[in-house]
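Predicted, not measured: the structure shown is a model, and the values here were computed from it. One-based numbering along the sequence shown.
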Amino acid sequence: MISLKKANIYSRQFRLRTTLLTTFVLQIIVAVGLVGYLSFRNGQKAVNELANQLIQEVANRTTGHLNTYLQTPQLVNSLNVDAVRLGEVDLQNLSAVEKHLFVQLQRFNSISSIQVGSVGNDFRQVIRQRQYSLFKSVSGQPQTIEEYQLNSQGQPMRLLRTYSQQTPVRNRLWYQSAVFAGKSVWSPISPLNKNSDLSLTLSTPVYDRQGEKLAVFSSSVFLSSINDFLSGLDLKKSGKILIIERNGWIVAASHQTLTGELRPFQPFNIVSSSDPEIRAAARFLLDSFGDFSRISQTHQLSFVDNGGERQFIHVMPLKDENGLDWLIVVMVAESDFMAEIHANTQMTLILCFAALIAALCVSVFITHWILQPVQRVSLASEQIAKGDLDQQVPPSIIAEIDQLATSFNSMAKQLKQFIAALKQSETRNRAFVDAIPDLILRISQDGTYLDIVEAKGVNLVTTSENYISRNIEEILPNELAKKYIYYIHQAIQTGETQEFEYQLTIEDRTGEYEARVVKSAEQEAILIVRDITERKHTEKLKQDNLRMSAELDVARQIQRMILPKLAELQIAGLEIDAFMEPAHEVGGDYYDVLNHNGKVKIGIGDVAGHGLESGVLMIMLQTAIRTLVVNNETNYRRFLSTINQVIYQNIQRMNSNKSISLALLEYQGGCIKLSGQHEEMLVVRANGEVERLDTIDLGFLLGMISDISDLIGHREVQLQPGDGVVLYTDGITEAENQAQEYYGLERLCEVVSQNWQYSANEIRQAIIEDVRSHIGEHIVYDDITLLVLKQK
């Protein structure tokens with residue numbers, strides 16, 4: 001029977017179930033939350049529908065305007081091309097071309113500039129700014145440009161300025177892109193000049209009836225006109241419209257801050273915009289798609305910016321057949337639509353909030369009353385977790401919690417005793433386990449794991465305690481398990497230690513392991529496993545280094561063996577001196593001087609890459625050139641085409657991806673004929689004046705395609721007494737110093753000009769000394785090859 005004292009104690013206690021009366025608070029919270037949530041969701045749905053409709057309409061209007069606006073350059077270029085083909089405009093009559101361009105610019109108000117560049121490097125451009133301006137190249141000096149102010153009839157009034165530009169017309173991006181594409185193509189966004197807004201240019205090539213290139217027309221439009229159109233669209237107060245390229249650069253924008261940033265004539269990227277909402281939108285799109293180039297269709301999305309504001313965003317690709325590839329981005333803030341929604345739901349939220357506060361007040365009071373003893377248990381648990389095991393929880397008037405406190409106090413006492421014993425055991429075993437470098441297993445004759453001692457130095461899945469009492473054939477691959485069983489049997493039967501090595505892949509890591517099997521009992525053995533992956537890797541690196549060093553030594557010997565001897569450079573009427581020094585990792589520089597039947601054939605080239613393979617290709621190249629010279633092949637096109645076919649077929653047989661740049665010079669009677677694509681040839685006159693001849697249009701890299709005959713050209717240079725040429729490889733111009741600065745072609749030309757009055761040998765020495773002075777202690781990455789030819 002229960003005593004009277006215990007009965008009195010139980011009568012003062014409360015059951016935990018009495019606290020279930022507070023569940024009504026939870027019901028109120030659920031009801032309030034549900035009403036608020038449904039109200040919010042209905043409002044949000046309405047906002048989504050309204051925002052999507054507005055954004056879709058704005059995006060469609062923007063797309064329609066851009067399609068119309070960007071068709072004008074296509075129309076202007078088509079009219080200009082037709083005028084040339086029909087004979088209405090003669091590209092040889094430059095005054096008529098200027099007049100035609102001015103009339104076209106007056107006819108199309110949206111066009112900011114019209115320009116034409118001919119094959120002969122003639123250049124004409126008419127620009128509409130505060131006034132009409134004409135830019136034209138000076139006859140005979142295609143890299144000298146004159147700017148004229150035009151009157152209302154398109155006639156030049158006065159010369160504004162004359163300046164030089166480094167790049168000829170035919171090498172400019174708008175010209176090259178149209179020639180390469182063979183059709184109309186958009187050029188990258190850039191200012192027409194240093195004082196103009198950003199412009200977009202469409203270039204179109206012109207060909208005659210035989211398919212020969214005559215010129216390239218281009219028309220430009222100012223992006224500021226697109227900004228003005230976007231700013232005029234009816235969008236909410238915080239709405240923004242952006243047009244961006246696939247790399248993130250902003251083309252145009254409706255927002256005043258952004259258009260202001262665009263007007264200093266330099267584009268900027270959307271991710272570096274000063275507008276925090278624009279930057280947040282950029283980061284959201286990059287996080288969603290990984291890259292702007294992956295957005296291939298229209299998307300309607302939403303995100304929350306850094307200020308906690310939800311933004312609706314509409315992304316639509318805009319492409320055309322001329323290479324235009326933009327994205328139209330429309331953004332509208334949710335707050336622009338939420339004012340009306342908030343007005344309708346305000347009263348509901350106030351009533352819900354009042355009910356929620358009342359319910360929470362009651363809930364807080366009851367929760368505090370119940371949780372106070374529970375918190376004492378929790379606090380004691382935290383102290384035990386921190387290592388303070390001297391914890392006791394006082395009794396509680398709630399029966400369940402009182403029983404929990406009693407159990408907790410008993411558990412704390414037992415835990416204290418257990419941890420004390422565990423620490424003593426750990427201290428005894430820690431030193432022993434840490435001293436073991438290998439994995440040690442006790443294993444039966446049939447391959448069953450009996451015991452395992454793990455080691456930090458061996459990362460094997462078999463170290464898990466879950467493998468005790470399991471057979472080795474269940475754990476390891478079949479072939480490896482059979483090998484283990486074999487050596488276990490051998491060790492047990494012979495009593496001799498068995499050793500072997502093997503590979504094992506665990507969790508995508510393939511390791512090298514060394515195993516020793518030692519007999520421990522009649523039917524048992526000890527298996528000791530050591531991870532030797534790092535040791536094996538080190539041995540392999542040593543072998544690879546020895547092989548690579550041998551290859552490089554062979555390649556250096558190959559280069560030196562085929563170089564022309566000093567006697568071969570002694571040619572009547574000429575001074576010739578050459579230099580070639582292999583780099584640390586040998587490349588494939590080549591030069592040769594051949595004197596045959598009164599003609600001097602000089603070759604210089606560079607095999608891409610390093611090592612023995614490049615050296616072998618250099619021998620093939622030298623052999624092919626000598627064979628053609630001996631067989632009296634004089635046609636430059638057949639000469640280079642035949643060499644290319646031989647090199648291409650050998651590269652295919654070698655299954656290689658290398659290529660060779662090669663320039664060939666033929667000297668006879670003071671005339672040099674140059675063909676092939678390599679570095680620029682420097683023609684030096686007797687007074688030290690240096691002329692640079694570009695070889696980009698005289699050939700193609702050997703070994704890349706099977707037939708280059710249509711790509712081969714040639715140039716002739718007449719030398720007077722004291723004139724000469726300098727040939728080099730990129731090991732000179734791209735030689736780096738400690739500051740990673742290139743030696744450069746300009747410096748080479750300067751050294752050549754300053755020393756040209758000396759002999760060819762002295763000129764060569766001056767150049768090499770200056771290159772070495774520039775390099776200093778820096779590593780030489782590429783072969784250095786130089787050849788100086790001077791006519792007596």
Side-chain angles (χ1 to χ4, degrees), residues 73-101 104 114-126 135-143 145 165 167-187 201-219 321-323 635-642 644 663-664 673-678 680-681 693-702 704-717:
Q74 179 72 48
L75 175 60
V76 172
N77 285 1
S78 298
L79 292 175
N80 291 333
V81 170
D82 291 341
V84 173
R85 290 175 176 171
L86 296 175
E88 298 175 1
V89 173
D90 184 3
L91 294 176
Q92 303 301 321
N93 187 348
L94 299 178
S95 297
V97 171
E98 297 170 4
K99 183 66 176 178
H100 175 76
L101 297 182
Q104 291 289 74
I114 306 177
Q115 59 188 351
V116 60
S118 69
V119 174
N121 267 333
D122 289 320
F123 171 69
R124 293 295 184 272
Q125 180 184 33
V126 180
F135 294 78
K136 66 179 182 178
S137 58
V138 178
S139 177
Q141 303 180 42
Q143 292 182 234
I145 303 299
Q165 56 185 12
T167 307
V169 172
R170 66 177 184 177
N171 290 342
R172 295 186 193 174
L173 184 58
W174 64 269
Y175 187 100
Q176 287 288 330
S177 58
V179 172
F180 181 80
K183 65 182 187 67
S184 297
V185 63
W186 293 103
S187 299
T201 301
L202 181 71
S203 301
T204 304
V206 185
Y207 300 90
D208 60 15
R209 294 181 179 179
Q210 288 74 36
E212 294 292 328
K213 179 179 72 214
L214 298 176
V216 173
F217 281 96
S218 73
S219 302
E321 68 276 11
N322 299 322
N635 183 279
Y636 69 92
R637 194 182 301 274
R638 286 197 302 269
F639 199 104
L640 271 174
S641 180
T642 302
N644 177 71
L664 292 175
K673 297 179 180 180
L674 171 66
S675 61
Q677 186 183 101
H678 186 60
E680 295 183 15
M681 182 179 78
L693 297 185
D694 195 351
T695 63
I696 190 69
D697 294 329
L698 303 183
F700 197 73
L701 295 177
L702 305 182
M704 294 189 69
I705 57 178
S706 61
D707 186 5
I708 63 169
S709 56
D710 293 336
L711 303 175
I712 300 173
H714 83 289
R715 292 186 63 176
E716 294 186 4
V717 177

- request: Evaluate the side chain to side chain contact (heavy atoms under 4.5 Å, CB included) criterion for residues Val717 and Met681: first the C-alpha distance (whole Å), next the side-chain angles of each, then the deciding distance (0.1 Å), finally the verdict.
  value: CA-CA 11 Å; Val717 177; Met681 182 179 78; 4.2 Å; yes

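Counting only heavy atoms from C-beta outward, the side chains of Leu640 and Leu664 approach each other to under 4.5 Å. In this structure, the side chains of Val119 and Arg170 stay at 4.5 Å or more apart for every pair of heavy atoms. You'll find the side chain of Tyr175 stays beyond 4.5 Å of the side chain of Pro168, heavy atoms only.
Counting heavy atoms of neighbouring residues, nucleotides and ligands inside a 6.0 Å radius, atom NZ of Lys673 does not exceed 12 of them. Within a 6.0 Å radius of CZ in Arg637, more than 12 heavy atoms belonging to other residues, nucleotides or ligands are found.
Judged purely by atom type and a 3.5 angstrom limit, Lys183 uses its side chain to pair as donor or acceptor with the backbone of Glu321. Between the side chain of Ser203 and the backbone N or O of Trp174, at least one donor-acceptor pair lies under 3.5 Å. No donor-acceptor distance shorter than 3.5 angstrom exists from the side chain of Glu680 to the backbone of Thr695, with no hydrogens or angles considered.
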Can you give the donor-acceptor pairs under 3.5 Å from side chains of residues 207-216 to other protein atoms, not counting sequence neighbours?
| residue | atom | partner | partner atom | Å |
| --- | --- | --- | --- | --- |
| Asp208 | OD1 | Gln210 | N | 3.0 |
| Asp208 | OD1 | Gly211 | N | 3.0 |
| Asp208 | OD1 | Glu212 | N | 2.7 |

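Scanning all heavy atoms of the two residues, the minimum distance from Ile696 to Asp694 falls at N-OD1, 3.1 Å. Of all heavy-atom pairs spanning Pro205 and Val81, the tightest one is O-CG2, 4.2 Å. Across every non-hydrogen atom of Ser641 and Ile712, the tightest pair is N-CD1, 3.7 Å. Heavy atoms only, all atoms of each residue included: Ser218 and Thr201 are closest at CB-CG2, 3.6 Å.
Separating the CG atom in Leu693 from the CG atom in Leu698 is a distance of 8.5 Å, to the nearest 0.5 Å. Taking CG of Asp697 as the start and CD of Gln677 as the end, the distance is 8.5 Å to the nearest 0.5 Å. Interatomic distance, Asp122 CG to Leu91 CG, rounded to the nearest 0.5 Å: 9.0 Å. Note that CG of Leu701 and CG of Asn644 are 9.5 Å apart. Values are rounded to the nearest 0.5 Å. With rounding to the nearest 0.5 angstrom, the CZ atom of Phe217 is 10.5 Å from the CG atom of Leu79. If you take CZ on Arg124 and CG on Leu94, they are separated by 4.5 Å, rounding to the nearest 0.5 Å.
Scored by the side-chain hydrogen bond (donor to acceptor under 3.5 Å, both in side chains) test, Gln104 finds Asn80, Arg107 as partners (sequence neighbours excluded). With sequence neighbours excluded, the residues that form a side-chain hydrogen bond (donor to acceptor under 3.5 Å, both in side chains) with Ser219 are Asn77.
Checked against Val97 for a side chain to side chain contact (heavy atoms under 4.5 Å, CB included), the options Val116, Val126, Asp90, Val84 give a single hit: Val116.
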